[in-house]
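Reading through the structure tokens given below for one structure.
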Amino acid sequence: MQPQQVELSYAIAARSAGAPRIRNALMEMLQAVRDSGSISGAARALGLSYRHVWGELKRWEGLLGHRLVAGDAGQAAQLSEFGDKLLWAERQAQARLAAQIEALHADLERAFALAFDDSTHVLSLQASHDDALVALRTHAAATAQVHLDIQFSGSVDAIRALNQGRCVMAGFHARERPPMGSLAQRTYKPLLKPGQHKVIGFARRVQGLMVAPGNPLALHGLADVAQRQARFVNRALGTGTRVLLDELLADDGLLPRGLQGYDRCEPSHAAVAHAIQSGQADVGLGLESAARGADLDFVPLVQERYHLVCLKTALDQPATQALLAVLRSAAWQHQLGTLPGYQAVASGQVQSLRALLPWWTFKADKAMAAEAGTA
């Protein structure tokens, strides 16, 4: 006979001598009936009404297909044989799992204690994948009790999440001072609004070609990748690295279809590096730090800035200010500088959108508006 499928919900209990660390309402009712010898006594012990306890026991008997209590309403009661076995089995399971339950209880206590600690800050961040952000998460938690709740996504999706209120901060990257009319402009300008968004400097980093040790195909640029029909591995549509790749292809007069494997995508720089390391691909565009971490060779192509962006209204929030202090600290900037391909440039500085991404021509726009108003 197949065992009965039982679904029980448990609650984490406060510390109490001799009491189970996790509790289930049915098991507590069964224990109370056993201890008191009646349903009315069980109800008094649990601080519940007689009707509630009687009704719950009958409901569970219907669900389980067995009697739990022997005795009629209003009379002395004891657990049925099945009720005894069910309570015994549950207590045995708790005893066997005591160490794991205790560890879970302790972890939850520590986690929820953060919510009541005024010196601790939690900041939700969606961001394009970046090795330095992973290091920042560990550093900020250890040195300043700033906990970054990071969800990695594409740069475009990250900024959209910020604009939709699904995070407090977003991370994206672009070439330093990308030119007017570039794909970066067409991608990011509609998402970022001067006066509404504030950009925070994070790092300068290098992107280039990740290749096998010794660079056996002699790949020194995207033109070589296309000419030699090297097996390429890409990042997904909507990622900043995909935007960068398409810009670099355009600069070289190349078309995406010229890269063998342009449509093959991996979710992170580390995944691209692994594909090359395992021999599934010859080359991919990515970070120097990811290449070095996989013992690959790296051909630098371009420097870019990795930016953090938040709404202006979030800039003065305690969590944001705490993160800015971490980014400006000498300890973090030193650690950032030890990562291959990274420099601590403007880390923690609140910067002008127009200065970093010179796509807005406010003076020209105002002049045109004034001229139209006097016409």
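All residue numbers in this chain count up from 1 along the given sequence. These numbers were taken from a predicted model, which means no experiment stands behind them.
- Counting heavy atoms from C-beta outward, Leu248 and Leu254 have side chains that stay 4.5 Å or more apart.
- Defined by atom type and a distance below 3.5 Å, a donor-acceptor pair is present between the side-chain atoms of Gln280 and Arg264.
- The heavy-atom pair separating His173 from Thr241 by the smallest distance is CE1-N, 3.2 Å.
- Pairing each heavy atom of Leu296 with each of Ala212, the nearest pair is CD2-CA, 4.3 Å.
- Considering only heavy atoms from C-beta on, Met27 comes within 4.5 Å of Leu30 through its side chain.
- Separation of atoms CZ (Arg23) and CD (Glu28) is listed at 5.5 Å; rounding is to 0.5 Å.
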message: Set out, in order, the CA-CA distance, both residues' side-chain angles and the distance that settles side chain to side chain contact (heavy atoms under 4.5 Å, CB included) for Leu26 and Leu57, then state yes or no.
response: CA-CA 8 Å; Leu26 172 61; Leu57 288 172; 4.3 Å; yes
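- Taking hydrophobic clusters as Ile, Leu, Val, Met, Phe, Trp and Tyr residues chained together by side-chain heavy-atom distances below 4.5 Å, Leu217 shares a cluster with Leu259.
- Scanning both residues, Arg228 and Leu219, for their nearest heavy atoms gives CD-CD2, 3.7 Å.
- Both Leu249 and Val211 sit in one connected hydrophobic cluster of ILVMFWY residues. Membership requires side-chain heavy atoms under 4.5 Å apart, directly or through other members.
- A heavy-atom distance below 4.5 Å is found between the side chains of Leu162 and His197.
- Arg160 contributes no side-chain N or O that, together with a main-chain N or O of Leu191, makes up a donor-acceptor pair within less than 3.5 Å.
- Tyr188 and Leu308 fall into different hydrophobic clusters, defined by Ile, Leu, Val, Met, Phe, Trp and Tyr side-chain heavy atoms under 4.5 Å apart, directly or through other members.
- Of the possible donor and acceptor atoms, one in the side chain of Ser36 sits under 3.5 Å from a partner among the backbone N and O of Ala42.
- Taking the ring axis of Tyr262 as reference, the NZ or CZ atom of Arg242 stays within 45° of it and closer than 6.0 Å to the ring centre.
- Using a 4.5 Å cut-off between side-chain heavy atoms of Ile, Leu, Val, Met, Phe, Trp and Tyr, with links allowed through other members, Leu244 and Leu255 fall into different hydrophobic clusters.
- With contacts defined as side-chain heavy-atom distances shorter than 4.5 Å, the pair Phe172/His307 qualifies.
- Within 6.0 Å of CD in Gln145 there are more than 12 heavy atoms belonging to other residues, nucleotides or ligands.
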message: Under the criterion salt bridge (Lys or Arg N to Asp or Glu O under 4.0 Å), I'd like the reasoning laid out for Asp131 against Arg205: C-alpha separation, chi angles, the key distance, then a yes or no.
response: CA-CA 10 Å; Asp131 291 342; Arg205 66 183 197 176; over 6 Å; no
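- Note that CG of Leu336 is 8.0 Å distant from OH of Tyr342, once rounded to the nearest 0.5 Å.
- A donor-acceptor contact shorter than 3.5 Å links the side chain of Gln277 to the backbone of Ala294.
- Shortest non-hydrogen contact noted between Pro318 and His121 is CB-CE1, 3.6 Å.
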message: Determine whether Trp54 and Val69 satisfy the following criterion, side chain to side chain contact (heavy atoms under 4.5 Å, CB included), listing intermediate values before the conclusion.
response: CA-CA 10 Å; Trp54 176 260; Val69 177; 5.8 Å; no
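- Here the closest non-hydrogen pair linking Met169 and Cys310 is CE-CB, 4.2 Å.
- One finds no salt bridge joining Asp246 and Arg186 here, because no Lys/Arg side-chain nitrogen approaches an Asp/Glu carboxylate oxygen to under 4.0 Å.
- Within a 6.0 Å sphere centred on CZ of Arg51, heavy atoms belonging to other residues, nucleotides or ligands number 12 at most.
- In this structure, the side chains of Leu209 and Asp224 stay at 4.5 Å or more apart for every pair of heavy atoms.
- The shortest distance between side-chain heavy atoms of Pro267 and Phe152 does not fall below 4.5 Å.
- At distances below 3.5 Å, at least one donor-acceptor pair connects side-chain atoms of Glu247 with backbone N or O atoms of Leu183.
- When only modelled atom types and interatomic distance are considered, Ser268 and His129 share no side-chain donor-acceptor pair under 3.5 Å.
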query: Stepwise, does the side chain to side chain contact (heavy atoms under 4.5 Å, CB included) test hold for Arg235 with His269?
result: CA-CA 8 Å; Arg235 295 291 307 284; His269 295 280; 3.3 Å; yes
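- Hydrophobic clustering (ILVMFWY, side-chain heavy atoms < 4.5 Å, transitive): Leu46 and Trp60 are in one cluster.
- Between Phe298 and Leu287, the closest side-chain pair of non-hydrogen atoms is not below 4.5 Å.
- The distance from atom CG of Leu323 to atom CD of Gln317, rounded to the nearest 0.5 Å, is 12.0 Å.
- Side-chain contact between Leu357 and Val199 is absent, with no heavy-atom pair separated by less than 4.5 Å.
- A donor-acceptor contact shorter than 3.5 Å links the side chain of Gln94 to the backbone of Ile22.
- Between the side chain of Ser347 and the main chain of Ala203, no donor-acceptor pair closer than 3.5 Å is present.
- The main-chain N or O of Ala226 is never found under 3.5 Å from a side-chain atom of Gln260 such that the two would form a donor-acceptor pair.
- Atom NZ of Lys58 sits in a crowded spot, with more than 12 heavy atoms from other residues, nucleotides or ligands closer than 6.0 Å.
- With sequence neighbours left out, the side chain to side chain donor-acceptor pair (under 3.5 Å) criterion links Gln185 to no other residue.
- In this structure, NZ on Lys198 lies 7.0 Å from CG on Leu315, to the nearest 0.5 angstrom.
- Met210 contributes atom CE, which lies 11.0 Å from atom CZ of Arg292 (distance to the nearest 0.5 angstrom).
- Ring pair His66/Phe82 is parallel by interplanar angle, where below 30° counts as parallel and above 60° as perpendicular.
- Side chain of Arg328 to backbone of Gly348: a donor-acceptor contact under 3.5 angstrom is found.
- The main-chain N or O of Leu339 is never found under 3.5 Å from a side-chain atom of Ser289 such that the two would form a donor-acceptor pair.
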- request: Assess whether side chain to side chain contact (heavy atoms under 4.5 Å, CB included) is satisfied between Leu64 and Leu86, documenting all intermediate values.
  value: CA-CA 10 Å; Leu64 297 173; Leu86 186 64; 3.9 Å; yes
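- Using a distance-only test at 3.5 Å, with no hydrogens or angles considered, no donor-acceptor pair links the side chain of Asn234 to the main chain of Asp263.
- No more than 12 heavy-atom neighbours from other residues, nucleotides or ligands sit within 6.0 angstrom of NE2 on His274.
- Annotation: Glu81, atom CD; neighbour count of heavy atoms from other residues, nucleotides and ligands within 6.0 Å does not exceed 12.
- A tilted orientation is assigned to the rings of Trp332 and His139, their planes being inclined by 30° to 60°.
- Of all non-hydrogen atoms in Ser128 and Ser155, the two that sit nearest each other are CB-OG, 3.2 Å.
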